[in-house]
Amino acid sequence: MALPPYASTLERVWHYAYHVICALIFLFLIFPILVILPLSFNAEPYFTFTTEMLQFDPAGYSLRWYDDLLSSEEWLRAIRNSFIISIASTVIATTLGTLAALGLSRRHMPARGFITALLISPMIVPLIITAAALFSFYARIELSQTFFSIIMAHVVLGTPFVVITVTAALASFDEQLIRASSSLGANQTTTFFRVILPLVLPGVISGALFAFVTSLDEVVVVLFLAGPEQTPITVRMFSGLREEISPTILALATILVGISIALLTTLEMIRRRGERLRGLSPG
Amino acid sequence: MQDATPAQLETLKTADGTPLKDSIRKSERRARIRAFLLVLPLLAFLVITFIVPIMAMMGRSVYNPEVVNYLPNTAEALQEWEGEGVPGEDVFAALAKDMVQGREDRTIGRVAARINRELPGARSLMLGTARDADEMQPPYKEAFIAEDDRWTNPEFWGILKRESRLITPSYYLLALDYEYTPQGNIEPRPEIYQVYTDLFIRTAWMSVLITVLCILLAYPVSYLLATLPLRYSNLLMILVLLPFWTSLLVRTSAWIVLLQQEGVINDLLVGAGFISDDGRLRMIYNQTGTIVAMTHILLPFMILPLYSVMKTINPSYLRAARSLGATPLVAWFRVYFPLTLPGLAAGVMLVFILAIGYYITPALVGGETGIFISNMIASNMQGSTAQLRLAAALATILLVLVMLFYWLFNKLVGVERLKFG
């Protein structure tokens with residue numbers, strides 16, 4: 001992107017204008033997320049900066065919203081519910097999705113295209129339609145407003161990510177290794193756990209992380225399936241944003257941004273490790 | 001093995017004496033079954049907990065069981081009736097019989113409520129007469145009319161006949177702002193009730209607008225990311241990936257913080273003297289709010305596929321075009337842009353499909369003018385005035401639109417040309 005020394009004036013102007021445009025777009029992407037971080041330490045119950053905050057007066061800042069969040073029985077229960085739902089659905093989705101991806105990657109898989117399309121379809125169907133369908137489905141079999149129905153719904157939404165990432169990981173898998181393993185006397189189970197799994201594990205982990213975040217973030221389906229006993233943080237946050245609007249939500253949002261950063265870092269580390277193993281180190 | 005001709009294969013035998021060809025076929029079948037068995041758990045799970053519920057929902061959008069199930073004799077008797085004026089004695093006799101049975105089974109209330117939705121007042125008429133139905137003597141027609149002269153209303157009978165079919169298109173008509181008249185004709189609904197087609201059109205054009213905005217914002221940024229040295233682009237990539245991984249509720253609340261009338265941007269504008277304190281801009285709880293917040297939420301879905309395609313484009317193509325005499329614009333348009341199309345197409349598909357079904361963000365920042373069809377589906381699913389079958393019809397139309405777009409896209413671009421980040 002460096003400007004060559006023979007560039008014309010017009011090219012120079014465009015070059016700088018282009019960089020300013022890009023900077024503005026990056027600002028658009030990141031500013032909304034950065035702006036809520038300081039506001040969650042606001043001493044006043046407002047969604048905007050007070051004069052004290054702008055003057056960096058310590059009196060303008062406080063941890064009251066964090067205190068509010070972590071001492072409220074309701075919020076704590078919502079956090080607990082969210083983790084129960086996300087962890088359970090991630091475990092099931094990862095197991096089912098990895099098995100399916102192993103089957104889909106086999107050379108002899110029948111009707112591969114059609115079955116893949118079917119397995120990926122929960123990603124394409126709009127969430128509100130999934131919610132509408134599952135809402136009456138679980139009501140009819142009298143399982144609505146149970147953890148079971150929500151976890152099953154989140155397994156449905158999470159598996160496409162597992163199938164896609166594990167299939168991608170398996171695409172670069174060398175089938176000779178399986179033959180080598182069995183020629184050395186390993187049975188199928190041993191081959192799977194000692195040869196296949198270690199090599200596709202990065203794909204399985206990223207798939208699991210995707211499934212976990214999908215479940216942790218999901219609002220639409222839980223909004224219709226969860227009763228008061230199962231309310232997760234997203235639904236509390238959604239109704240909070242609709243009704244009371246208090247900076248407690250910003251404190252929670254800040255914590256969630258922290259979780260996103262942790263997940264993003266983990267995924268990036270997995271990716272770099274994979275690239276290093278395949279001899280493609282990033283610059 | 002490759003050297004063996006089919007005839008030779010025919011004669012080759014394995015150790016136990018079976019022809020090799022059969023043996024291979026058998027082992028291939030075993031391999032196919034084994035592959036399928038690995039997929040089966042997830043496939044079965046998805047069919048039971050996803051495909052079947054969606055099919056059931058689609059079925060519900062045309063299902064109309066009340067009159068057929070709870071007034072079976074009346075429904076049958078009405079088949080004979082031409083639909084002019086008031087039906088004859090046989091229909092009234094059948095209705096009397098059904099009403100006695102319906103009171104015993106406690107189902108008469110359900111069918112009354114169903115008809116009441118088409119004709120207000122029908123509920124009280126039916127329940128009132130049903131209370132005395134077991135004491136009625138033939139001729140029933142006179143007995144009914146003596147009980148309540150509204151039984152001579154031909155409109156009621158027209159509706160009852162119309163609804164005595166198990167499958168009805170009426171929820172689809174409603175979802176497209178048409179309605180059945182009691183005579184069974186299809187007419188546009190009165191203008192004040194015409195909300196759904198407008199909302200479908202608005203959902204579509206707002207989704208198109210958001211997709212276009214995403215293209216305009218994603219293109220320059222992806223190009224920069226793809227052409228910068230990895231050291232810098234990896235750093236800048238965080239600015240794309242962090243919003244991508246941040247909860248959409250967090251991002252929606254951030255836009256509420258920024259855009260509301262007492263919010264950060266209005267404060268900034270007032271502080272800088274661009275607007276007066278009472279001239280604060282209304283940027284949220286309307287279309288502007290929905291468009292801004294959704295563009296922000298969906299932008300990474302455009303940047304990531306574009307970036308991954310642009311990264312593979314050799315920059316010397318552009319230099320070659322320039323050296324062959326193309327101006328920068330021509331080189332860009334004729335050489336670079338066509339090469340980015342697979343990424344652009346992937347981004348467009350992702351953003352448009354996600355946008356058209358969006359619910360949460362419009363519900364929070366859309367106010368009245370910024371809501372999408374999904375919000376209408378949701379409101380028809382909730383509360384005391386819930387109309388589940390209308391919600392199912394609206395959802396089915398939306399699903400068909402999404403599938404149609406997906407199919408069209410697949411036809412034009414091909415899913416196999418898709419590249420994700």
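A, B, ... follow the sequence lines: proteins, then strands. Residue 1 opens every chain.
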Segment of [X] engaging chain B (4.5 angstrom heavy-atom cut-off):
{"X": "A:Ile92", "result": "neither"}
{"X": "A:Arg140", "result": "side chain"}
{"X": "A:Leu29", "result": "both"}
{"X": "A:Ile164", "result": "neither"}
{"X": "A:Glu218", "result": "neither"}
{"X": "A:Val35", "result": "side chain"}
{"X": "A:Ser121", "result": "both"}
{"X": "A:Leu39", "result": "side chain"}
{"X": "A:Phe135", "result": "side chain"}

(message) I'd like to know if B:Arg25 pairs up with B:Glu28 as an ion pair, taking the criterion as any Lys NZ or Arg NE/NH1/NH2 lying under 4.0 Å from an Asp or Glu carboxylate oxygen.
(response)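 Salt bridge: no.
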
(message) With chain B as the partner, which of A:Ile261, A:Leu250, A:Val163, A:Ile129 has the greatest number of non-hydrogen pairs under 4.5 Å?
(response)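 Among A:Ile261, A:Leu250, A:Val163, A:Ile129, the one with the most close pairs to chain B is A:Ile129.
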
(message) Counting heavy-atom pairs under 4.5 Å with chain B, which one of A:Val213, A:Ile21, A:Thr98 comes out on top?
(response)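 The option with the most such pairs is A:Val213.
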
(message) Check the orientation of A:Phe210 and B:Trp245. Use parallel for under 30°, tilted for 30 to 60°, and perpendicular for over 60°.
(response)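 Answer is tilted, since the angle falls between 30° and 60°.
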
(request) Name the orientation class of the two ring planes belonging to B:Phe301 and B:Phe244 (parallel below 30°, tilted from 30 to 60°, perpendicular beyond 60°). (result)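 Perpendicular: the ring planes of B:Phe301 and B:Phe244 meet at over 60°.
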
(request) Would you indicate whether the side-chain heavy atoms of B:Tyr359 and A:Leu127 approach each other to under 4.5 Å? (result)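 No, their side chains stay 4.5 Å or more apart.
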
(request) Only counting residues at least two apart or in another chain, list the ones meeting side chain to side chain donor-acceptor pair (under 3.5 Å) with A:Ser89. (result)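 Checked A:Ser89 against side chain to side chain donor-acceptor pair (under 3.5 Å); matches are A:Ser215.
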
(message) Applying the side-chain contact (heavy atoms from CB on, under 4.5 Å) criterion to B:Thr295, which one of B:Ile291, B:Val292, B:Ile297 satisfies it?
(response)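 Of all the options given, the one that passes is B:Ile291.
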
